Amino acid sequence: MKNILIVYHSQTGNTEAMAKAVADGATKAGATVALKKAPDAGIDDLMGCDAVIFGTPNNFSYMAGMVKDFFDRVWFTVREKMQDKPYAVFGSYGGGGMPAIESVEKICEGLKMKKVLDSIGIQRTPTDENLKACRELGEKLAKL
Ligand SMILES: Cc1cc2nc3c(=O)[nH]c(=O)nc-3n(C[C@H](O)[C@H](O)[C@H](O)COP(=O)(O)O)c2cc1C
């Protein structure tokens with residue numbers, strides 16, 4: 001994938017550390033990466049990329065409000081234009097597992113996007129091992 005968009009939200013830095021590691025892996029594998037906080041991303045970013053990686057913390061067993069707001073803003077314009085666009089999801093949670101990631105996947109299914117790699121959910125602050133997995137996620141997506 002040549003142009004990869006990473007859209008994420010992070011309140012306390014955990015998901016942001018993951019996002020930067022994903023971006024690092026994808027960049028080192030030769031992709032052009034747009035790393036965007038959800039409020040700064042929009043329709044043109046989504047339409048213009050070859051693949052998307054979404055990052056979100058688990059907030060109240062759902063994606064972060066900022067990520068939901070991103071989908072709310074782009075939905076009507078992009079909903080017929082995302083079919084088969086490759087995507088992956090990563091995120092951080094406190095103790096409640098992966099429902100935030102699943103909520104993103106559900107919307108991507110609605111957009112008929114194509115999940116091409118397993119999602120990565122980690123608990124709280126990512127370890128070096130977690131960040132390595134994030135770099136590999138970016139690298140794998142770049143090489144698809
Ligand atoms: C408003 C709010 C709601 C949260 N709700 C949940 C939750 O329902 N389940 C859970 O596992 N963690 C929950 N957490 C914890 C965060 O998912 C966790 O601290 C995560 O590592 C934060 O990632 P961030 O640093 O990228 O913001 C919540 C945190 C906040 C601030």
Side-chain angles (χ1 to χ4, degrees), residues 1-79 82 85-144:
M1 303 293 166
K2 261 180 17 194
N3 292 306
I4 295 177
L5 171 66
I6 302 173
V7 181
Y8 75 97
H9 175 72
S10 184
Q11 187 94 10
T12 55
N14 296 334
T15 311
E16 183 161 61
M18 298 175 78
K20 287 180 175 170
V22 172
D24 188 39
T27 303
K28 284 192 175 135
T32 300
V33 177
L35 178 63
K36 295 221 167 182
K37 292 183 178 173
D40 300 329
I43 291 160
D44 291 346
D45 299 301
L46 201 49
M47 299 292 289
C49 69
D50 299 312
V52 197
I53 315 186
F54 298 101
T56 182
N58 180 352
N59 284 0
F60 307 123
S61 299
Y62 199 69
M63 72 184 80
M66 289 298 191
V67 179
K68 169 69 161 44
D69 169 75
F70 169 78
F71 285 116
D72 289 351
R73 284 186 286 113
V74 303
W75 176 262
F76 278 125
T77 306
V78 307
R79 66 178 170 169
M82 289 294 109
K85 184 163 287 222
Y87 81 94
V89 191
F90 63 88
S92 177
Y93 58 89
M98 310 262 278
I101 286 174
E102 288 159 10
S103 68
V104 171
E105 292 173 344
K106 200 167 173 186
I107 291 179
C108 292
E109 280 167 29
L111 290 168
K112 301 188 176 65
M113 295 174 74
K114 190 169 160 189
K115 183 177 164 182
V116 288
L117 292 166
D118 288 340
S119 302
I120 298 180
I122 66 104
Q123 194 167 23
R124 300 193 184 91
T125 306
T127 62
D128 288 347
E129 196 62 26
N130 296 144
L131 293 175
K132 182 168 172 250
C134 291
R135 277 193 294 276
E136 285 169 0
L137 178 74
E139 189 182 331
K140 281 183 197 160
L141 192 66
K143 288 181 175 168
L144 280 180

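The first residue of the sequence shown is numbered 1, and numbering continues consecutively from there. Each ligand, and each atom within it, is numbered from 1 in the order the structure gives. None of the values given here were measured: they were computed from a predicted structure.
Nearest to atom 12 (N) of ligand 1 among the protein's heavy atoms is G94 N, 3.0 Å. Scanning the protein heavy atoms around atom 19 (O) of ligand 1, the nearest turns out to be N14 ND2, 4.4 Å. In terms of protein heavy-atom proximity, atom 25 (O) of ligand 1 is nearest to T12 OG1, 2.4 Å. Among all protein heavy atoms, the one lying closest to atom 2 (C) of ligand 1 is N59 OD1, 3.8 Å. Closest protein heavy atom to atom 28 (C) of ligand 1: N58 O, 3.3 Å. For atom 5 (N) of ligand 1, the nearest protein heavy atom (residue, atom name, distance) is F60 N, 2.8 Å. The single protein non-hydrogen atom nearest to atom 20 (C) of ligand 1 is S92 OG, 3.4 Å, given as residue, atom name and distance. Protein heavy atom in closest approach to atom 11 (O) of ligand 1: G96 N, 2.6 Å.
Taking every non-hydrogen atom of G95 and a distance limit under 4.0 Å, the qualifying atoms of ligand 1 come out as 10 (C), 11 (O). Applying the 4.0 Å criterion to heavy atoms of R124 picks out, from ligand 1, the atoms 21 (O). Within ligand 1, the atoms closer than 4.0 Å to a non-hydrogen atom of S61 are 7 (C), 8 (O), numbered from 1 in the order shown. The contact set between ligand 1 and T15, taken as ligand atoms under 4.0 Å from a residue heavy atom, comprises 23 (O), 24 (P), 26 (O). Ligand-side atoms of ligand 1 in range of Y93: 11 (O), 17 (O), 18 (C), range being under 4.0 angstrom from any heavy atom.
Checked by distance only, ligand 1 and E16 stay at 3.5 Å or farther apart across all their nitrogen or oxygen atoms. At a 3.5 angstrom cut-off on N or O pairs, Q11 counts as close to ligand 1.
The closest side-chain heavy-atom distance from T56 to T15 is not below 4.5 Å. Looking only at side-chain heavy atoms (C-beta outward), V78 and L111 come within less than 4.5 Å of each other. Contact check for K37 versus M66: no side-chain heavy atoms found under the 4.5 Å cut-off. Using a 4.5 Å heavy-atom threshold, the side chains of Y87 and V116 count as separate.
The environment of D118 atom CG is sparse: at most 12 non-hydrogen atoms of other residues, nucleotides or ligands sit within 6.0 angstrom. Heavy atoms of other residues, nucleotides or ligands lying less than 6.0 angstrom from NZ of K132 number 12 at most. No more than 12 heavy atoms of other residues, nucleotides or ligands shown are found within 6.0 angstrom of NZ on K20.
Nearest heavy atom pair, residue S61 against residue P99, reads O-CB, 3.5 Å. Annotation for A100 and Y62: closest pair CB-O, 3.2 Å, computed over non-hydrogen atoms.
Which of S10, A17, P57 comes nearest to atom 22 (C) of ligand 1 through a heavy atom is settled by distance: it is P57.
A salt bridge links K143 to E139: one of the charged nitrogens lies within less than 4.0 Å of a carboxylate oxygen.
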